[in-house]
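One structure is given below, encoded as structure tokens.
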2 protein chains.
Amino acid sequence: MDIQQLRYFTAIAKAGSMSRAAEILNISQPALSKVTKLLQEELGVPLIRHVGRQIILTEHGQRLAERSLTLIQDFENLKGEIENRDVSCCKDIKIATFEVFSTYALDFLNHIDWDQKTLTLHEVLPGELEEAVANKKVDVGITYMPVPHPDLEHLKVTSIEMGVFSHPDAFPDLIQNDFPYVVPAMPITGTPSRVRGLDGWPDDVFSRKVKYRVTLLETALELCRQKKAAGFFPAFIVDLHNKNVDKSRRLIRRPGISGCRLVKTDVYIVKRKSDVENQFIKQLAKGIRAVCSPKA
Amino acid sequence: MDIQQLRYFTAIAKAGSMSRAAEILNISQPALSKVTKLLQEELGVPLIRHVGRQIILTEHGQRLAERSLTLIQDFENLKGEIENRDVSCCKDIKIATFEVFSTYALDFLNHIDWDQKTLTLHEVLPGELEEAVANKKVDVGITYMPVPHPDLEHLKVTSIEMGVFSHPDAFPDLIQNDFPYVVPAMPITGTPSRVRGLDGWPDDVFSRKVKYRVTLLETALELCRQKKAAGFFPAFIVDLHNKNVDKSRRLIRRPGISGCRLVKTDVYIVKRKSDVENQFIKQLAKGIRAVCSPKA
DNA sequence: TCATGTTACGTACTACGTAAAGATT
DNA sequence: AATCTTTACGTAGTACGTAACATGA
């Protein structure tokens with residue numbers, strides 16, 4: 001038995017249903033069910049009873065829920081009392097990200113304890129990101145295109161799957177490398193039509209035709225929705241995007257050629273070497289993992 | 001932060017030293033050190049300070065230790081209040097084991113919460129063990145020589161390493177299969193000198209000479225100590241044995257031949273199918289793993 | 001050099017996920 | 001059929017182990 005189990009159980013007691021509680025707790029229903037079962041086994045006492053498809057608390061369950069409530073309160077109070085509340089922690093947290101980790105992916109913020117903190121978010125480009133962290137303009141960065149820097153370290157957080165996406169009806173006759181691509185508009189280092197992509201496309205291995213260069217991810221997606229272009233995006237971004245738009249505007253992955261079907265890229269948190277890896281960074285990492293992995 | 005971490009930290013506060021606290025808590029010092037570091041990171045506050053090779057609590061540390069104490073008390077009280085205290089749980093726990101899991105290996109009892117319980121331990125032979133569990137003469141059995149039974153299930157707990165052991169000076173000229181073996185005295189199914197061993201020796205593969213048959217493990221060990229015999233024992237038993245006896249009487253593993261050098265055998269908890277796998281069984285399993293694995 | 005604490009790294013357990021199968025209205 | 005829960009099983013994160021290293025008496 002630990003505090004977590006008590007938290008879960010009181011959530012069930014409050015919600016009056018496992019599925020609702022699981023929803024509130026942001027975990028899956030089976031997980032919650034299992035934890036509850038374990039708790040009952042450990043205590044050796046039934047806590048909930050099933051009546052039809054309702055659940056009701058037994059006498060023991062009611063007593064546990066009641067008493068847990070105050071215990072959890074005490075626990076949180078103690079934590080709050082000791083926890084560092086000085087400037088360095090109550091400050092305004094400043095994060096620099098790729099636009100990719102903004103907009104659709106903002107859910108990672110929900111995994112962070114914002115109590116006493118405020119947020120500033122800067123959407124920037126790869127090079128700028130490292131610079132901003134090094135210059136202390138921001139506290140941390142999130143990127144999948146790391147640029148090495150002597151004062152910084154890149155903590156690998158997870159890896160994401162990249163893919164070529166377009167509207168299903170677009171370019172039925174073309175192969176992947178001949179799609180008219182939309183890419184991030186910026187540091188162009190190649191020819192006008194063959195660029196080293198800022199989106200992580202392996203240009204050193206496969207060349208592609210670039211037709212559009214845009215600043216905003218949303219613009220790129222819109223071009224794809226209009227069947228004007230294809231893009232090289234993280235798969236989880238397109239998944240999130242597809243959940244937001246009308247069925248007719250959803251994008252699909254285009255099967256690649258030349259073994260380029262599935263590309264995995266690492267995602268990093270960028271921090272100054274002089275900063276310790278604190279609780280906030282851990283929460284941030286957890287949040288990023290949760291958003292990037294196709295689980296929920 | 002969870003209750004466990006608070007328990008660990010108060011232990012440090014009470015003991016005044018990490019190593020002593022680790023000893024009391026039955027965990028390794030590095031583990032405790034790490035947990036403490038994590039706790040400080042999470043809270044963002046130093047809790048202990050190193051002064052020479054002493055540690056002293058900071059102001060925060062003192063407050064946390066004090067407050068934790070009552071919180072832990074409350075937690076335990078709540079647990080105790082809900083926990084099942086009726087006959088079925090306050091009863092006398094009856095366990096049947098091989099002698100192997102008795103005597104030297106009794107440490108597994110320390111992993112069980114004996115609060116409100118008493119223990120009866122029966123040292124029995126393989127067949128008897130299953131019978132005793134099935135007849136409800138005992139609650140569970142521990143064995144590495146399972147005998148299938150329709151009403152019972154064998155839960156695999158861990159695996160142990162078996163080996164041939166003798167006094168280092170004994171039988172320098174003989175190879176393993178020609179040692180005069182001491183084996184458990186009982187259900188003999190082979191010839192007088194070639195038996196199907198009750199100790200798990202793979203007689204179907206390798207024959208051996210049996211010179212002594214004894215009832216008690218301790219007697220077998222004594223014969224080995226006197227250089228009169230060799231035995232096929234679980235390695236962890238011999239390790240524990242060697243810690244208890246004088247240097248001159250310690251046994252060593254004899255290198256085997258014919259690929260029989262390292263034999264692993266599974267250890268099982270035997271329970272009735274009709275019984276649920278409760279907290280007690282989990283603790284028991286944990287204890288057995290702790291004793292059998294050469295870790296501490 | 002011993003006592004004490006930390007870092008590095010391996011392993012095994014556990015938490016939680018998805019998928020699929022009961023149960024109840 | 002739709003809703004709610006449990007079972008089965010896979011994976012990733014964490015807890016704790018040992019070994020090796022650092023440091024003060």
Side-chain angles (χ1 to χ4, degrees), chain A residues 1-5 7-8 12 15-23 25-42 47-56 111 155-159 236 239 276-277 282-283 285-296, chain B residues 1-5 7-8 12 15-23 25-42 46-56 111 155-159 236 239 276-277 279 282-283 285-296:
Chain A
M1 183 163 109
D2 59 25
I3 289 281
Q4 175 91 325
Q5 284 176 301
R7 265 196 275 257
Y8 284 2
I12 295 174
S17 129
M18 286 231 172
S19 26
R20 269 180 48 73
E23 208 173 317
L25 294 167
N26 254 314
I27 62 171
S28 71
Q29 199 191 49
L32 186 58
S33 166
K34 202 171 178 185
V35 169
T36 314
K37 204 181 137 207
L38 273 175
L39 181 61
Q40 297 189 68
E41 262 175 34
E42 175 173 352
L47 299 171
I48 58 179
R49 207 179 4 227
H50 296 267
V51 177
R53 66 187 186 193
Q54 303 266 60
I55 59 172
I56 59 170
H111 291 253
L155 309 169
K156 186 184 158 186
V157 170
T158 187
S159 56
F236 80 93
D239 284 345
V276 290
E277 188 178 335
K282 277 180 198 159
Q283 289 174 359
K286 208 162 188 173
I288 294 170
R289 273 195 291 266
V291 171
C292 293
S293 317
K295 284 184 174 173
Chain B
M1 184 163 105
D2 59 24
I3 289 281
Q4 174 91 327
Q5 285 176 300
R7 264 196 276 258
Y8 283 3
I12 295 174
S17 129
M18 286 231 172
S19 24
R20 269 180 50 73
E23 208 174 316
L25 293 168
N26 257 315
I27 63 170
S28 71
Q29 196 194 48
L32 186 57
S33 168
K34 201 170 178 186
V35 170
T36 314
K37 204 181 136 206
L38 273 176
L39 181 61
Q40 297 189 66
E41 264 174 34
E42 175 173 354
L47 299 171
I48 57 178
R49 205 177 9 225
H50 296 267
V51 177
R53 65 186 187 194
Q54 303 267 61
I55 59 172
I56 58 171
H111 292 252
L155 308 169
K156 185 185 159 185
V157 169
T158 187
S159 56
F236 80 94
D239 285 346
V276 290
E277 189 178 332
Q279 193 60 18
K282 277 178 197 160
Q283 290 174 358
K286 207 162 190 175
I288 294 169
R289 273 194 291 266
V291 171
C292 292
S293 318
K295 284 186 176 172

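Note that the structure is a prediction, hence the values are computed from the model and not measured. Computed from heavy atoms alone, side chains included, the values below leave out hydrogens, waters and symmetry copies.
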Inset, instruction - Verify side chain to side chain contact (heavy atoms under 4.5 Å, CB included) between A:Q4 and A:V35, making sure each step is shown before the conclusion. - result: CA-CA 10 Å; A:Q4 175 91 325; A:V35 169; over 6 Å; no

Which of these nucleotides, [options], is closest to any side-chain atom of [X]?
| X | options | answer |
| --- | --- | --- |
| B:H50 | C:dT14, C:dG5, D:dC4 | C:dG5 |
| B:K37 | D:dT7, C:dT7, C:dC16 | C:dT7 |
| A:K286 | C:dT14, C:dC16, D:dT14 | D:dT14 |
| B:I27 | C:dA15, D:dC4, D:dG17 | D:dG17 |
| A:Y8 | C:dC16, D:dC4, D:dC16 | C:dC16 |

Without decimals, in angstroms, what is the distance between [X] [atom1] and [N] [atom2]?
| X | N | atom1 | atom2 | answer |
| --- | --- | --- | --- | --- |
| B:K34 | D:dG17 | NZ | C1' | 11 Å |
| A:R20 | D:dC4 | CZ | P | 10 Å |
| B:K282 | C:dC13 | NZ | P | 14 Å |
| B:D2 | D:dG13 | CG | C1' | 15 Å |
| A:R289 | D:dT14 | CZ | C1' | 11 Å |
| A:M18 | C:dC16 | CE | C1' | 15 Å |
| B:R49 | D:dG24 | CZ | C1' | 17 Å |
| B:Q29 | D:dA22 | CD | P | 16 Å |

Inset, instruction - Verify the contact: side-chain N or O of B:S28 to OP1 or OP2 of D:dG17, cut-off strictly under 4.0 Å; return yes or no. - result: yes

Inset, instruction - Ignoring backbone atoms, test whether A:Q4 places a side-chain nitrogen or oxygen under 4.0 Å from the OP1 or OP2 oxygen of C:dT14. - result: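 It does not, given that no N or O in the side chain of A:Q4 lies less than 4.0 Å from OP1 or OP2 of C:dT14.
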
So [X], base contact, sugar-phosphate only, or nothing? Heavy-atom distance under 4.0 Å.
| X | answer |
| --- | --- |
| B:I55 | sugar-phosphate |
| A:S19 | sugar-phosphate |
| A:Q54 | nothing |
| A:Q5 | nothing |

Inset, instruction - Using modelled atom types only, decide if a donor and an acceptor are shared between the side chain of B:Q29 and the backbone of B:A22 within a distance under 3.5 Å. - result: no

Inset, instruction - Give a yes or no answer on whether the side chain of A:Q5 reaches the backbone of A:D2 with a donor-acceptor pair at less than 3.5 Å. - result: yes

Inset, instruction - Kindly determine whether A:I12 and A:L32 satisfy side chain to side chain contact (heavy atoms under 4.5 Å, CB included), including the steps that lead there. - result: CA-CA 9 Å; A:I12 295 174; A:L32 186 58; 3.9 Å; yes

Legend entry - Closest-nucleotide 5' rank along DNA chain C - winner of B:V157 and A:A31: B:V157

Inset, instruction - Taking atom NZ of B:K282 as the centre, report whether more than 12 heavy atoms of other residues, nucleotides or ligands fall under 6.0 Å from it. - result: yes

Inset, instruction - Report yes or no: is there a donor-acceptor pair, N or O only, under 3.5 Å between the side chain of B:R53 and the base of D:dT23? - result: no

Inset, instruction - Would you mind reporting whether B:Q40 and B:I48 have side-chain heavy atoms less than 4.5 Å apart? - result: yes

